[in-house]
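Counting starts at 1 for both ligands and their atoms, following the listed order.
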Amino acid sequence: MPDDLASIFPAEFVWGAATASYQIEGAATEDGRGESIWDRFSATPGKVRTGDTGLVACDFYHRYREDIALLRELGLDAFRFSIAWPRILPEGRGRVNQAGLDFYDRVVDELLANDIEPFVTLYHWDLPQALEDQGGWVSRETVDAFCEYAQVVAERLGDRVGRWITHNEPRVASWAGYGSGAHAPGRRSKSDATAAAHHLLLSHGRAVEILRDAAPKATVGITLNLHSVQADGDDESAAEVARRIDGGDNRWFLDPIFRGEYPTDVLELLGDAAPPVEEGDLAAISTPLDFLGVNNYSRLVIGGGGKPLRNSNAVYTDMDWEVYPDGLYEVLVRLRDEYAVPTIYVTENGAAFGDIRGHDGEVLDPERQDYLEGYIRAVGRAVQAGVPVSGYFVWSFLDNFEWAHGYSKRFGIVYVDYPTLDRVPKGSFHWYGDLIRRHRAAASPAAQTG
Ligand code: IFM
């Protein structure tokens, strides 16, 4: 592989940055936005660190022009953001809030005016609270509500938006939202979690056709958070636990989407907590996709006795996640070899570190730069091995509301000074921008012929 990272990638490779509505927008009670499960959850004492909420967040709602100007400065091809369902349908279904649609209209137009392609995620976890009150994702009716929402958004934005992601990380939305209760809505039930996961997947499958009909230019995918789960050494119990975790975290979502079936070993383990699958559901879930979005940050190693192992030689991020770029390579190769995924975008990858603004006002983050370089190199290796990876999105563009961790974890390549909401591009922002510029230069016709 060439040393110069920029020359590894094909000319049409897409460089992007990713965000999500609740994590950056703020303006949680403005212009008719309804309540979301994250408003309710973060207002509940003890659920989010130091009681942080998304009420103001990064104030992207008011500062999107300034932020898009920074995206332009960075030289990005694409920006991934999500739509807040409660801005569009404050009660979850029925009444449409035009002011909510208008906001995303403006964001899309501003991006296009700056030559940045919008990648729109429909659901990044901010379910209207009104729907949660009627059962949330455990209820099959929420699937119909999601279809209604997808239709409304696609009709309004579909003339300009070509890239659609139905859901972000259904594993987290279901397992953490309805199983462990660490995320909104904070329920703790295994059968609720599996029902929620199934309905998220079903709503995805149904929405694919809706998006294609309402937005004829649409290419449609879903984003899954996938990780490499490995057993350390030959310990049999470690191998068994690793397989079980891989089943729940990875195969539970990949198999229905790409094979039209749930993995039988996981179904057996679930027993009575298996999801309520009806005839036709798996056919809908496995509707062929245009692309798969992959979010990857770290790997999991299981040691003797089935316990997660800590690697004393590795760097860990502020989330206590091991830095292990090969894990992303392994995931990408597996998607080609085991699931024949046609096109992949790495829709999130990045690292939280405890960034500090220096006396000179700058924010230097060499650890994040190293992290990004290692992972982008791993993507490059996958591309060279023939894996169809078409783009890479750094998580995240801005420091933001990191769910139950509140604002304590900084993932951005742009620092947000929360008291003033000033944006300060970090060292990694400049590094990433330089990579993109060098890639363009290496891919230009002059460089090809010269
Ligand atoms: O911040 C989250 C994002 O919302 C979903 N993927 C993982 C990120 C880091 O935890």
Colleague: So, D355 and R410, do they make that salt bridge, N to O below 4.0 Å?
Modeller: no
Colleague: Looking at E30, I'd like to know if its CD atom is crowded, meaning that more than 12 non-hydrogen atoms belonging to other residues, nucleotides or ligands lie closer than 6.0 Å.
Modeller: yes
Colleague: Using salt bridge (charged side-chain N to carboxylate O under 4.0 Å, His left out), reason through R381 and D326 one step at a time and then give a plain yes or no.
Modeller: CA-CA 10 Å; R381 278 206 292 129; D326 282 354; 2.6 Å; yes
Colleague: Under a 4.0 Å N-O cut-off, is there an ion pair linking R334 with D246?
Modeller: yes
Colleague: Name all residues meeting the salt bridge (Lys or Arg N to Asp or Glu O under 4.0 Å) criterion together with R156; count only those two or more places apart in sequence or in a different chain, and write none if there are none.
Modeller: D102, D105
Colleague: Using a 6.0 Å distance limit plus a 45 degree cone around the ring axis, check whether R187 lies over the aromatic ring of Y178.
Modeller: no
Colleague: Mind checking what residues have non-hydrogen atoms under 4.0 angstrom from ligand 1?
Modeller: Q23, H124, W125, N168, E169, Y297, W321, E348, W395, E402, W403, F411
